Amino acid sequence: MGSPETVARKIAKTIGDVGIQRFDLKFSTGALPHEAMMRTIELYGTEVIPRVRKLASLVFNLRCSGLVSCSVLSGHEGDLR
């Protein structure tokens, strides 16, 4: 839950911490109106996924060089955009 940037950082951090290569997300329908759910799905596809790919790739490349850990994804180490 959060902005596309927040969600992307949380997902990328989880990927780095756990070492997974796949991430599935279930959208809860709960009390969220249909229009809001569709907007959430749109943001996930257009903003979150590209950011996760960028962040995960960056952390993987930096980790392989021994320069950084996943703590950079917490948002306290500067902007990774």
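As the structure is a computational prediction, the values presented were derived from the model and not from experiment.
- A salt bridge does not link R39 to E35: none of the charged side-chain nitrogens sits closer than 4.0 Å to a carboxylate oxygen.
- The backbone N or O of I49 sits nowhere less than 3.5 Å from a side-chain atom of K54 that would complete a donor-acceptor pair.
- By the criterion of side-chain heavy atoms lying less than 4.5 angstrom apart, applied directly or through intervening Ile, Leu, Val, Met, Phe, Trp or Tyr residues, M37 is grouped together with Y44 in one hydrophobic cluster.
- Atoms OG and CZ, on S3 and R51 in that order, are 7.0 Å from each other to the nearest 0.5 Å.
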What's the verdict on side chain to side chain contact (heavy atoms under 4.5 Å, CB included) for M1 and V7, showing C-alpha distance, side-chain angles and the deciding distance? CA-CA 6 Å; M1 189 163 80; V7 173; 5.9 Å; no

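- Across A56 and A12, no two heavy atoms sit closer than the pair N-CB, 4.3 Å.
- From E5, atom CD reaches atom CG of L55 across 6.5 Å, with rounding to the nearest 0.5 Å.
- Linking Ile, Leu, Val, Met, Phe, Trp and Tyr whenever their side-chain heavy atoms come within less than 4.5 Å puts V48 and I41 in one cluster.
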